[in-house]
Amino acid sequence: MQADDFPEIDTRTASVARVYDFMLGGTDNYEVDRQACEVLEDMMPGSYALTRNNRRYLERLVHYLATECGIRQFIDNGSGLPTQNNVHQVAQQAAPGSKVVYVDIDPVVLAHGRVKALLAEDESTAFIEADVCDVGRILSHPDTQRLINFDEPVGALYVSFLHCIPDDRDPGGVVRQIIDRLAPGSYLAISHLTSDDPQVRERVTALGLNAFGGHWGRVRSREEVAGFFDGLEIVPPGLVKVSEWHPDGREEQDSPDWLEFGGVARKP
Ligand code: SAM
């Protein structure tokens, strides 16, 4: 790693990737991130457990796609900092040689991913630093072209991600652009911060916008999240709280007031 491979990092504003890392027990974060976590946990007790439950859902759904659906290639949008059981590790354990393209906009994710070699770039895995909304750039990127065969099904993952995207950036359109490009038999997987209480949606959205310097979207309703799956065949158990999606006994009690909501669907 060269010195100039290290990016400019804003340590005065919390970042979604670093906050999420801290909530999972990681160390790739700064004081400002840890303070944001405290404020969030004060406002919404159970948020650490909610984050851990989300990460376990990611593991389960990748395992499911690899073992039950025969998916051998993944695009992980908003991948986050490397932690345990990253997508390529889960997928390759189930099916050696599975291909994974990670995409994230946060320079710390790229730097730490490469330094730790956890999201190792090898013949099966690549990391692209890009805005997920720039679908054209991701699809035409040389690493995507090298790893993903668009004639074969792909797993498109947006796990704990679309709430980072405001409505004026058209998160539904972003998802549709990718899905339109994928072969029949491809899968979409989503989890999304959701609340049934409009006041909670408003309060947490305001907190996120403030903590992340405006780089955030919003907490949405279940109906809005369901809209991202339009035209696709949702697989059992449907769209649910993520800890109820094929639970494996590691689920923790989390917040009663908000949830990571989502599921998995097949492109017919
Ligand atoms: N998908 C991982 C998981 O569920 O364990 C990590 C989710 S983390 C909450 C959301 C990630 O999305 C962060 O790493 C953040 O940097 C990234 N992100 C936010 N906006 C983005 C954008 N416009 N383009 C690419 N990545 C983005």
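Atoms within each ligand, like the ligands themselves, are counted from 1 in listed order.
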For [atom], find the nearest protein heavy atom and state the residue, atom name and distance (0.1 Å precision).
{"atom": "atom 24 (N) of ligand 1", "answer": "V132 N, 2.9 Å"}
{"atom": "atom 2 (C) of ligand 1", "answer": "S79 O, 3.2 Å"}
{"atom": "atom 26 (N) of ligand 1", "answer": "I105 N, 3.2 Å"}
{"atom": "atom 23 (N) of ligand 1", "answer": "D131 OD1, 2.9 Å"}
{"atom": "atom 10 (C) of ligand 1", "answer": "S160 O, 3.5 Å"}
{"atom": "atom 20 (N) of ligand 1", "answer": "F161 CE1, 3.7 Å"}
{"atom": "atom 3 (C) of ligand 1", "answer": "Y20 OH, 3.2 Å"}

Checklist entry - Linking I/L/V/M/F/W/Y whenever their side-chain heavy atoms sit closer than 4.5 Å, directly or via other members, would L61 and V240 fall into one cluster? => result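 Linked within one cluster.
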
Next on the checklist: Within the 4.5 Å heavy-atom criterion, are V200 and V219 side-chain neighbours or not?
Outcome noted: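 No - every pair of side-chain heavy atoms lies 4.5 Å or more apart.
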
Contact atoms of ligand 1, heavy-atom distance to [X] under 4.0 Å:
{"X": "A130", "result": "24 (N), 25 (C)"}
{"X": "D106", "result": "16 (O)"}
{"X": "G80", "result": "6 (C), 14 (O)"}

Item to check | I165 contact mode with ligand 1 (heavy-atom cut-off under 4.0 Å) | outcome: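 Only the side chain of I165 comes within reach of ligand 1.
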
First locate atom [atom1] of [X], then atom [atom2] of [Y], and finally report the distance between them rounded to the nearest 0.5 Å.
{"X": "H88", "Y": "D76", "atom1": "NE2", "atom2": "CG", "result": "11.0 Å"}
{"X": "R218", "Y": "E224", "atom1": "CZ", "atom2": "CD", "result": "4.0 Å"}
{"X": "Y187", "Y": "I71", "atom1": "OH", "atom2": "CD1", "result": "6.5 Å"}

[X], any N or O under 3.5 Å of ligand 1 N or O:
{"X": "R55", "answer": "yes"}
{"X": "V159", "answer": "yes"}
{"X": "N54", "answer": "yes"}
{"X": "D104", "answer": "yes"}

Item to check | Option set C164, G78, A17, criterion heavy-atom distance to atom 1 (N) of ligand 1, minimum | outcome: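 Nearest option to atom 1 (N) of ligand 1, by heavy atoms: G78.
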
Checklist entry - Can you name the residues that form a ring pair (Phe, Tyr, Trp, His ring centres under 6.0 Å) with F74, not counting sequence neighbours? => result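 Applying ring pair (Phe, Tyr, Trp, His ring centres under 6.0 Å) to F74 gives none.
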
Next on the checklist: Using the rule given for side chain to side chain contact (heavy atoms under 4.5 Å, CB included), can you reason through L157 versus V62, listing the C-alpha separation, both sets of side-chain angles and the distance that settles it, and then say yes or no?
Outcome noted: CA-CA 9 Å; L157 314 183; V62 171; 4.0 Å; yes

Item to check | Atom of E252, atom of A49 and distance for their closest heavy-atom approach | outcome: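 Reported closest heavy-atom pair: OE1-CB, 3.9 Å.
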
Next on the checklist: In terms of relative ring orientation, are Y48 and F22 parallel, tilted or perpendicular, with 30° and 60° separating the classes?
Outcome noted: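 Answer is perpendicular, since the angle exceeds 60°.
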
Item to check | Donor-acceptor pair between Y20 and N54 side chains, under 3.5 angstrom | outcome: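 Yes - a donor-acceptor pair under 3.5 Å links their side chains.
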
